[in-house]
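For reference, the structure discussed in these notes is given below.
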2 protein chains.
Amino acid sequence: MKKEITIYDLAEKLNISATTVSRGLQNHPAINKNTKKKIFDLAKELGYQSNKFASNLRKQKTHTIGVIVPRLNSLFMSSVLSGIEKVVNNAGYNLIISQSFEQEEKEKKNALTMFNNRVDALIVSLSYDSSDFSHFNNFINKEIPIIFFDRVTDSLPATKVVIDNFKAGYDATMHLIEQNCKSIMHITGNLTRNVYKDRYEGYRKALADRNIPFSEDLFITNDLSEQEIYNAVTHNILKRKQLPDGLFATNDSAAAYALMLFKEAGLRVPEDIAIVGFNNDFISKVTEPAITTINYPGNEMGENVARILINHLDGEGDLSVTSTVILNSELIVRGSSLKK
Amino acid sequence: MKKEITIYDLAEKLNISATTVSRGLQNHPAINKNTKKKIFDLAKELGYQSNKFASNLRKQKTHTIGVIVPRLNSLFMSSVLSGIEKVVNNAGYNLIISQSFEQEEKEKKNALTMFNNRVDALIVSLSYDSSDFSHFNNFINKEIPIIFFDRVTDSLPATKVVIDNFKAGYDATMHLIEQNCKSIMHITGNLTRNVYKDRYEGYRKALADRNIPFSEDLFITNDLSEQEIYNAVTHNILKRKQLPDGLFATNDSAAAYALMLFKEAGLRVPEDIAIVGFNNDFISKVTEPAITTINYPGNEMGENVARILINHLDGEGDLSVTSTVILNSELIVRGSSLKK
DNA sequence: AATATTATTGCAATCGGTTGCAGTAATTTT
DNA sequence: AAAATTACTGCAACCGATTGCAATAATATT
């Protein structure tokens, strides 16, 4: 292990104090231009790297932002992260990213890790079934800002960035109705999660607006895993005497998988059953037919989240003011729903 | 901002020294059992949290491992990460994950960030076009272990965990040959990257073994973006007088997209053109027909990487000994290639 | 030329744990 | 009962950067 170069080494070599070196490196206005130059030059020459631990310890600030998301493996999530990272990096902050794998237990663990790592702020999209939020109390007590996106909760006093899931659900359903669907199923996740609840309510509202009675029978919630989608389609939908003629699935993977299973069972899409998904993941483009879906502005969402947070941290904005930001989403019509 | 509780607070309340508190919390054998109990109880009661910065500063060890991957949005990558995280967490280490977005420039930045954050070790899968590896010199000079997986390089003295891409490429191609394909295209990435190079060589070997001449004309490399795949298929493949009857694509997204474009152009898969992908991503299951692919043991790869690393860090293994670990992969035959 | 102002720099304490070494008390050995 | 071990505990230095305050040098003002 080679020895580290510290500001003391620089100071000694330049015959000045460590104080001056420290200030010089931070571009402190009181330090002479020439001195600064000498410091920077030597620092570069020796490959000096500031020791963050010493700095953080002293400053009681880490310049690190924690992110907890359910999973990383979707186009949507990686777009969000990409947006967050861009903004946050430009502002000179670091990111620690972790996944809850959709489990409350893991989310709690991650939150604790973040807390121990003294993140300056936390960005969260909740796991599938988190219902107890006590793991965020640490942060709230210490007044460390938390900002939620997409999967949010109203139980905590925190800023939220979301799309209008109600409207998206409404649009998706209305589109199916306009394609002449009479019996529209909806497969979605746990209704305690805002995104699913809101989409569901949009679905109900669209039905109601067109006087189509809602039927419990056409509504399925599960954990959206491959297995559960399989079960829902083969053991439930395909076993019916009266098959539905429309399906609104709450994500594109589910829609794509259902589409495949329908075709395997000999159904025609969209003639026999029209399908709308959600997210505009790449997968929705390569099925046959391609899947009508809701485009979700991941990048924009990420950038918004990060920008609000940075403004707050830099003292230029106030999180408590902007309490909910709603972004636009849009229906993208493709073959899976176009009965023409 | 509430004040932090430190070992000094605990020490004062218990009328013992901070030294004893520190040792007690670390379960140091020299500390009396009762004293330890008192310390732990009070720590718990007051919600004490160790300050990592102070600790890291003193110990010169962070218990943090950095991970740099090209992208997070594939099933393969998230499986790998999941595997890494599991092992690493159990060993009491933290993870910092970052994406290079397939760009050398970003990879360099990420590496520097990791270095400044004083990670104890680095796990890397190279970006698409990294060819200069000087950003890893910092680590090598300081003897911070680096371990590569999947996208690796022979230019650096580091342990690597990979699959046998040569064999996988060979198997994929041989499978197409056995389906009676005579004119097999191969679309892949930059040949400076080991994974693509090895698959390509497997492809060539399979052709050679069956006396099929290799034709430059049937071989395309590009950056594997949606746009480039589109270009390759529509402006190149579909413009030919003599269409190929087999396609071996280096990932499932490309295979799925090509499949869709072929069908749009009126070709039948697999009758007119048989397709084999790579990775066994979810997308390969939902196309029509489903795509024959190579199953890549992501989880296993992640666990292996992490385990080797942890053993090394804990002083029980030596990275320089195990220099390359090769995992098994397997061909999964589906409809896209089965001419029967 | 004496005084005030501004520009630079450095001293020393501080952030919160960790650890080598020494010290004291308790227990064992001879 | 004296000597040797063993069991605990604490002192004080240290990790490397930051910062309030004081000090000195340089320049401006009257």
Side-chain angles (χ1 to χ4, degrees), chain A residues 1-40 42-43 46-64 92 94 115-120 142, chain B residues 1-40 42-43 46-64 92 94 115-120 142:
Chain A
M1 179 86 111
K2 250 174 62 180
K3 67 180 185 319
E4 300 278 349
I5 289 164
T6 70
I7 51 171
Y8 300 101
D9 298 326
L10 299 183
E12 196 184 353
K13 283 228 165 54
L14 292 171
N15 262 315
I16 56 181
S17 76
T19 303
T20 302
V21 174
S22 174
R23 291 205 175 100
L25 291 170
Q26 296 172 78
N27 235 318
H28 189 110
I31 304 297
N32 185 287
K33 258 209 269 180
N34 298 323
T35 314
K36 275 185 196 167
K37 178 147 178 20
K38 271 191 264 174
I39 295 171
F40 277 118
L42 184 65
L46 300 185
Y48 166 81
Q49 295 294 345
S50 159
N51 184 315
K52 296 234 162 137
F53 302 117
S55 171
N56 290 341
L57 173 59
R58 179 60 225 242
K59 293 202 291 195
Q60 303 284 32
K61 211 177 179 253
T62 63
H63 268 261
T64 296
N94 286 138
F115 186 72
N116 287 341
N117 275 305
R118 304 287 203 281
V119 294
D120 286 346
K142 261 186 66 184
Chain B
M1 180 87 108
K2 252 173 57 179
K3 67 180 185 320
E4 301 277 348
I5 290 165
T6 69
I7 51 171
Y8 299 100
D9 298 326
L10 300 183
E12 196 182 354
K13 283 227 166 54
L14 293 171
N15 263 315
I16 54 179
S17 75
T19 302
T20 302
V21 174
S22 173
R23 291 205 176 102
L25 291 169
Q26 295 172 79
N27 236 315
H28 189 111
I31 304 297
N32 185 285
K33 259 210 265 178
N34 298 322
T35 314
K36 275 184 196 168
K37 178 149 180 16
K38 273 192 263 174
I39 295 171
F40 277 118
L42 185 64
L46 300 184
Y48 165 83
Q49 295 292 347
S50 159
N51 184 316
K52 297 233 163 142
F53 302 117
S55 170
N56 289 341
L57 173 59
R58 180 60 225 241
K59 293 202 291 194
Q60 304 283 31
K61 205 174 184 257
T62 62
H63 268 261
T64 297
N94 286 137
F115 186 72
N116 287 342
N117 276 304
R118 305 288 202 281
V119 294
D120 287 345
K142 262 186 66 184

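Here is how names work: the chains are called A, B, and so on, in the same order as the sequence lines, proteins then strands, and each is numbered from 1.
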Could you give the NZ-to-C1' distance, from A:K52 to C:dC15, as a whole number of Å? 18 Å
For A:F53, report the nucleic acid contact type (base, sugar-phosphate, nothing); a contact means any heavy atom under 4.0 Å. nothing
Can you check the B:H28 NE2 to C:dG20 P distance for me, whole Å? 9 Å
Side chains of B:L14 and B:T20 in contact at under 4.5 Å (non-hydrogen atoms): no
Straight-line distance of A:R58 CZ to B:F53 CZ, nearest 0.5 Å: 15.0 Å
Between B:L25 and B:Y48, which heavy-atom pair has the shortest distance, and what is it? CD1-CE2, 3.6 Å
State whether A:T35 places a side-chain N or O below 4.0 Å from either non-bridging phosphate oxygen (OP1 or OP2) of C:dT9. yes
What distance separates A:K37 NZ from A:T35 OG1, expressed to the nearest 0.5 Å? 12.0 Å
Output the rounded distance in Å from CG (B:N56) to P (C:dT18). 9 Å
B:N51 and A:R118, any side-chain heavy atoms less than 4.5 Å apart: yes
Under a 3.5 Å cutoff, is there a donor and acceptor pairing between the side chains of B:T64 and B:N94? no
Using a strict heavy-atom distance below 4.0 Å, which residues from residues 16-25 of chain B are in contact with DNA chain D? B:I16, B:S17, B:T19, B:T20, B:R23
Do the side-chain N or O atoms of A:N32 get closer than 4.0 angstrom to the phosphate oxygens (OP1, OP2) of C:dT8? yes
In whole angstrom, what separates A:K38's NZ from C:dT8's C1'? 12 Å
Evaluate whether atom NZ of A:K61 has more than 12 neighbouring non-hydrogen atoms of other residues, nucleotides or ligands under 6.0 angstrom away. yes
First and last nt of DNA chain D near chain A, cut-off under 4.0 Å to heavy atoms, 5' to 3', are D:dG16 to D:dC21
Between atom CG in A:N34 and atom C1' in C:dT9, what is the gap in whole Å? 14 Å
Contacts of A:A30 and A:Y8 projected onto DNA chain C by closest heavy atom; the upstream (5') one is A:A30
Sub-4.5 Å side-chain heavy-atom contact between B:I16 and B:I39: yes
For B:K33 and A:K59, take the nucleotide of DNA chain D holding the closest heavy atom to each; which residue's nucleotide lies nearer the 5' end? B:K33
Please examine the side chains of B:L46 and B:L10, heavy atoms only from C-beta on, and report whether any two atoms are closer than 4.5 Å. yes
Find the distance A:L57:CG to C:dC15:P and express it as a whole number of Å. 9 Å
